[in-house]
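Accompanying notes for the structure given below.
Computed from a predicted model, the values in this text were never measured in an experiment.
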Amino acid sequence: MCCAQEEAKRYLLSCGIEDAAVDVWYLMEFVTGVSRASYLADRERGLSEEQRDAYAALVNRRGAHIPLQHLTGEQEFMGLPFLVNAHVLIPRQDTETLVELALSVLEREIPARRTGAGLLCNDSSHPSCGRSQIPDGCVGGGIGIGSAAEQQEKKLQSYRVLDLCTGSGCIAISLEKQWEARRVGGNLPDGRNSESVGTGMGGRLAGGESASCLELYASDLSEEALAVARENARRLDAGVHLIQSDLFAQISVPGAEGVFDMIVSNPPYIRTSVIEELSEEVRLHEPRMALDGGADGLDFYRKIICESRDHLRPDGWLLMEIGYDQGEAVSDLMRENGFTEVCVRKDLPGNDRVVSGRASLGGDYV
């Protein structure tokens with residue numbers, strides 16, 4: 001094994017593969033099923049002729065700058081193994097920042113519902129209400145017909161989240177699996193215990209929330225991408241509703257008229273002129289429609305921010321991944337469209353990575 005890897009490493013370096021030393025190990029593990037730790041414990045382990053041929057073929061393809069994840073068919077994200085191919089973006093660690101921020105919002109918003117916090121009345125005919133918490137006995141003309149208790153029960157039934165431009169489904173599926181793990185106080189998919197991640201509620205979420213209170217929807221224009229997301233949901237046993245849609249065009253939730261409590265998205269955001277400067281792995285092997293954000297990289301943000309107002313509850317959240325230099329521009333777009341509490345979250349390397357904001361109050365609850 002050692003000789004085969006050294007030869008493969010030299011070949012990949014000659015092809016301009018920067019991560020050659022790492023890639024040869026991933027490919028060896030994929031072919032043999034032997035981990036690096038197991039090999040180090042038995043350095044005399046050899047390869048069969050069949051394994052040697054398979055390994056050489058994969059190394060040659062990697063030398064042609066085919067992404068490693070397309071060769072193995074898998075990429076880990078939030079501690080979960082996701083199927084990937086040429087029809088979807090390869091999940092990246094940067095995007096975990098978006099999932100982690102969404103989880104933080106869920107951990108705050110869902111328990112607040114069970115206490116009545118966040119239940120607001122928009123009926124201007126009630127001088128004691130306005131935009132305050134619904135007082136006892138208020139039927140809330142701006143909310144719907146029924147008692148405050150009935151409205152609260154309706155609002156508590158589910159917290160709807162929509163993942164736009166879902167691709168492999170990694171964001172929506174990770175949200176469900178991470179939420180379920182944190183809810184029960186068990187181990188997270190990445191092996192950590194939920195009580196060690198700082199939910200602010202002692203690990204277990206307050207109030208005994210049911211997993212069913214989180215209702216996940218994910219959409220993409222590409223049917224090929226949805227096929228990948230569908231298989232990932234099946235393999236990971238995730239109850240995510242998948243919808244083929246050009247952004248919001250075909251979004252419809254039975255009985256809810258497409259109203260969500262949170263919308264998350266990792267939309268295309270690379271400037272058209274920059275795409276040709278990307279690495280061969282990205283430029284030639286990942287779907288261009290998932291990369292190209294228009295001349296200034298902001299085309300999808302303009303559409304999502306503007307149209308999301310018709311699909312968010314009056315106090316709902318919009319969270320979007322951004323390019324490292326787009327924080328100010330996207331934040332300005334959100335404020336111009338009436339979003340409040342707009343802020344930018346940085347990723348682990350310290351780059352601007354997620355912009356979030358809350359829809360300003362107004363309109364009717366569904």
Side-chain angles (χ1 to χ4, degrees), residues 19 22-23 26-27 29-30 62 65-103 161-181 188-192 216-238 240 242 263-270 275 278-293 300 319-324 345-349 351-355:
D19 295 326
V22 175
D23 290 359
Y26 275 118
L27 292 175
E29 290 181 9
F30 177 70
R62 183 69 187 102
H65 291 266
I66 296 175
L68 175 70
Q69 295 85 349
H70 288 178
L71 299 177
T72 63
E74 194 171 274
Q75 171 64 28
E76 183 179 291
F77 181 82
M78 296 295 292
L80 296 167
F82 283 89
L83 169 72
V84 294
N85 59 27
H87 298 299
V88 298
L89 284 182
I90 297 168
R92 291 165 170 81
Q93 187 177 29
D94 293 342
T95 305
E96 293 187 358
T97 306
L98 174 60
V99 176
E100 289 164 354
L101 181 57
L103 285 166
V161 179
L162 171 64
D163 173 22
L164 282 177
C165 310
T166 194
S168 66
C170 65
I171 294 174
I173 293 170
S174 294
L175 273 175
E176 182 187 271
K177 305 308 288 187
Q178 289 274 341
W179 174 257
E180 182 178 0
L188 299 176
D190 58 12
R192 294 175 299 162
L216 272 299
Y217 295 81
S219 70
D220 204 288
L221 177 59
S222 167
E223 176 55 40
E224 292 84 0
L226 286 175
V228 175
R230 192 174 297 115
E231 177 61 15
N232 279 322
R234 186 196 67 79
R235 295 187 348 165
L236 295 169
D237 192 26
V240 176
L242 296 170
I263 295 173
V264 298
S265 183
N266 178 18
Y269 58 72
I270 298 176
I275 291 180
L278 300 175
S279 68
E280 287 186 44
E281 284 85 345
V282 176
R283 175 168 46 87
L284 300 180
H285 298 285
E286 296 200 65
R288 189 183 181 100
M289 67 179 292
L291 299 170
D292 196 340
F300 283 85
L319 289 71
M320 298 178 292
E321 180 172 333
I322 58 170
Y324 73 95
R345 174 70 65 92
K346 295 184 181 297
D347 56 23
L348 284 177
N351 297 315
D352 288 352
R353 188 54 59 192
V354 177
V355 174

Legend entry - Counterpart residues, salt bridge (charged side-chain N to carboxylate O under 4.0 Å, His left out), relative to E231 (two or more places apart): R234
Legend entry - Rounded distance (nearest 0.5 Å) linking atom NE2 of H285 with atom CG of N85: 13.5 Å
Legend entry - salt bridge (Lys or Arg N to Asp or Glu O under 4.0 Å) contacts touching residues 77-94 (sequence neighbours left out): R92-E286, D94-R353
Legend entry - Heavy-atom side-chain contact between F77 and I173 under 4.5 Å: no
Legend entry - Min side-chain heavy-atom separation D352-R345 under 4.5 Å: no
Inset, instruction - Quick one: pull up CZ in R288 and CD1 in I270 and give me the separation to the nearest 0.5 Å. - result: 10.0 Å
Legend entry - Sole residue of L216, D163, T166, V240 in side chain to side chain contact (heavy atoms under 4.5 Å, CB included) with I171: D163
Legend entry - With L284 via side-chain contact (heavy atoms from CB on, under 4.5 Å) - residues at least two apart: E280
Inset, instruction - Mark yes or no for whether N232, through its side chain, and S168, through its backbone, hold a donor-acceptor pair below 3.5 Å. - result: yes
Inset, instruction - Find out whether N266 and C165 are in side-chain contact, i.e. whether some heavy atom of one side chain is under 4.5 Å from a heavy atom of the other. - result: no
Inset, instruction - Decide yes or no for E321 and T97: does some side-chain heavy atom of the first lie under 4.5 Å from some side-chain heavy atom of the second? - result: no
Inset, instruction - Using salt bridge (charged side-chain N to carboxylate O under 4.0 Å, His left out) as the criterion, list what pairs up with R230, not counting sequence neighbours. - result: E223
Legend entry - Residue list, salt bridge (charged side-chain N to carboxylate O under 4.0 Å, His left out) with E96, at least two apart or on another chain: none
Legend entry - Rounded distance [0.5 Å steps], CG in L175 versus CD in E180: 13.0 Å
Legend entry - T72 versus F30, closest heavy-atom pair with distance: O-CE1, 3.5 Å
Inset, instruction - Would you mind reporting whether L83 and R235 have side-chain heavy atoms less than 4.5 Å apart? - result: yes
Inset, instruction - Walk me through it: do L242 and S219 pass the test side-chain contact (heavy atoms from CB on, under 4.5 Å)? - result: CA-CA 6 Å; L242 296 170; S219 70; over 6 Å; no
Legend entry - Minimum heavy-atom distance G167-A229, with the two atoms named: O-CB, 3.5 Å
Legend entry - D23: partners by side-chain contact (heavy atoms from CB on, under 4.5 Å), with sequence neighbours left out: L12, I17, D19, R62, L68
Legend entry - Donor-acceptor pair, side chain of K177 and main chain of D237, under 3.5 angstrom: yes
Inset, instruction - Quick one: closest heavy-atom pair of S174 and V99, and the distance? - result: CB-CG1, 4.3 Å
Legend entry - Side-chain touch F82/L236, heavy atoms, less than 4.5 angstrom: yes
Legend entry - Interatomic distance, L27 atom CG to L71 atom CG [nearest 0.5 angstrom]: 6.0 Å
Inset, instruction - Give the intermediate values and the outcome of side-chain contact (heavy atoms from CB on, under 4.5 Å) for residues V282 and L291. - result: CA-CA 9 Å; V282 176; L291 299 170; 3.9 Å; yes
Legend entry - Contact check, side chains of P267 and L164, non-hydrogen atoms, under 4.5 Å: no
Legend entry - Polar side chain donor-acceptor pair, S222 to E224, under 3.5 angstrom: yes
Legend entry - Rounded distance [0.5 Å steps], NE2 in H87 versus CG in L226: 12.0 Å
Legend entry - Min side-chain heavy-atom separation E74-V84 under 4.5 Å: no
Inset, instruction - Look at the side chain of T95 and the backbone N and O of P91, then say whether any donor-acceptor pair between them is shorter than 3.5 Å. - result: no
Legend entry - Straight-line distance of I90 CD1 to H70 NE2, nearest 0.5 Å: 4.0 Å
